[in-house]
Number of protein chains: 2
Amino acid sequence: MELNDAVSALGSLAQPARLKVFRLLVKTGVEGMCAGELSRQLDVPKPTMSFHLKELTNAGMISAERDGRTITYTIRKEGIQQLMTFLTEDCCQGRPELCLPVSDDEKQCCN
Amino acid sequence: MELNDAVSALGSLAQPARLKVFRLLVKTGVEGMCAGELSRQLDVPKPTMSFHLKELTNAGMISAERDGRTITYTIRKEGIQQLMTFLTEDCCQGRPELCLPVSDDEKQCCN
DNA sequence: TTTATAGTTTTAGAATTATGGAACTAAATG
DNA sequence: CATTTAGTTCCATAATTCTAAAACTATAAA
């Protein structure tokens, strides 16, 4: 990842409605949520939501899949991972996890 | 950390000059760097740099300390930590380090 | 106490981003 | 085929953010 990609990723998250979308999709995981449902749940008009979803998609933070006439959006895990790596690249000898509070028990991974 | 703080933190990083400042200050660690030096090294006019430094400071990503007539800026580690925690809150059972590539050897911490 | 240096604030214009109605496309249903 | 439903694109306006010259504040040095 290079600077401009990171700026675009950060910018895509730096807006209330979009950050809410992102966090909602983090929660729904692989299930994801369709555009209309996001629009309803976050009380954002459809064209506005569509605009925001496009921003997040272009920035590589979420991805879209059409099924019939609904389009389901899911979080794109590599997106946030790459961003976090970039932000902490030269911190803690390049191992940002050393900066974060880590509990040692039960290290099962959700990937 | 709540949504608006995160939006402000993300917004403060979502700009090329500011992201460069942030990364430069990550590298310089506790030493930090003064406003004029940042202005010179990144080739940004002083008033513009001052504006960007204020944004980053207000967002809690860096902090300022005056010594004589120079003001030295340093990274504020809690800022980026809190942001990363917020972004991955409900991912990986709230333990984002499980999503990141972790090497197990030598876990000395830089805090 | 003048002068130089480091940095900020003010300010006004430029550029970018956000909003949502209206019109559109695509798929499903009668 | 006509209609409904899901979603997007277009477009004009509004709002926010960025830029840097000019003027200002604070400290240090002559």
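On a predicted model such as this, the values are computed, not experimentally measured, just so you know. Computation of the quantities below employed the complete heavy-atom set of this structure, encompassing side-chain atoms and omitting hydrogens, waters and symmetry-equivalent molecules.
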Step by step, would you call F22(A) with M61(A) a side-chain contact (heavy atoms from CB on, under 4.5 Å)?
CA-CA 8 Å; F22(A) 178 84; M61(A) 305 310 287; 4.1 Å; yes
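In this entry the distance linking CE of M49(A) with C1' of dA18(C) reads 13 Å, nearest Å. For K46(A) and dT19(C), the NZ to P distance is 18 Å, given to the nearest whole Å. If you take CZ of F51(B) and P of dA15(C), they are 16 Å apart, rounded to a whole angstrom. The distance between atom CD of E65(A) and atom P of dG7(D), rounded to the nearest whole Å, is 14 Å. Following rounding to the nearest Å, L13(B) (CG) and dT17(D) (P) show an atom-to-atom distance of 15 Å. Rounded to whole Å, the distance from CG on L42(A) to P on dT19(C) is 12 Å. Between the P atom of dA20(D) and the CG atom of L53(B) lies a distance of 15 Å, rounded to the nearest Å. Spacing between atom CG of D43(B) and atom P of dT19(D) amounts to 12 Å, rounded to whole angstrom units.
Neither OP1 nor OP2 of dG7(D) sits under 4.0 Å from any side-chain N or O of K54(A). Phosphate proximity of dA15(C) to Q15(B): absent, as no side-chain N or O sits under 4.0 Å from OP1 or OP2. H52(A) has a side-chain polar atom (N or O) that falls below the 4.0 Å cut-off from OP1 or OP2 of dT19(C). Regarding contacts with the backbone of dA6(D), every side-chain N or O of Y73(A) stays at 4.0 angstrom or more from both OP1 and OP2.
Using modelled atom types, one side-chain atom of R23(A) and one backbone atom of F86(B) make a donor-acceptor pair closer than 3.5 Å. Within the 3.5 Å criterion, the main-chain N or O of K46(B) finds no donor-acceptor partner in the side chain of S50(B). In this structure, S8(A) contributes its side chain and N4(A) its backbone to no donor-acceptor pair below 3.5 Å.
Every side-chain hydrogen bond (donor to acceptor under 3.5 Å, both in side chains) that Q41(A) has, sequence neighbours left out, goes to E37(A).
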Report all interatomic pairs (protein N or O, nucleotide N or O of nucleotides 22-29 of chain D) with separations under 3.5 Å.
{"unit_1": "dT27(D)", "atom_1": "O2", "unit_2": "R69(B)", "atom_2": "NH1", "d": "3.4"}

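Within 4.0 Å (heavy atoms only), T70(A) reaches sugar-phosphate atoms of the nucleic acid but no base atom.
Within a 6.0 Å sphere centred on CD of E78(A), heavy atoms belonging to other residues, nucleotides or ligands number more than 12.
Looking at heavy atoms from C-beta onward, L13(A) lies out of side-chain contact with R18(A) at the 4.5 angstrom threshold. Side-chain contact check for V21(B) versus M49(B): some heavy-atom pair is nearer than 4.5 Å. Annotation: side chain of I80(B) is in contact with side chain of M84(B) (closest heavy-atom distance under 4.5 Å).
For T48(B), counting side-chain heavy atoms from C-beta on, the closest listed nucleotide (dG7(C), dA6(D), dT19(D)) is dT19(D).
Heavy-atom distances under 4.0 Å link DNA chain D to C34(A), A35(A), G36(A) of residues 32-41 of chain A, given in residue order.
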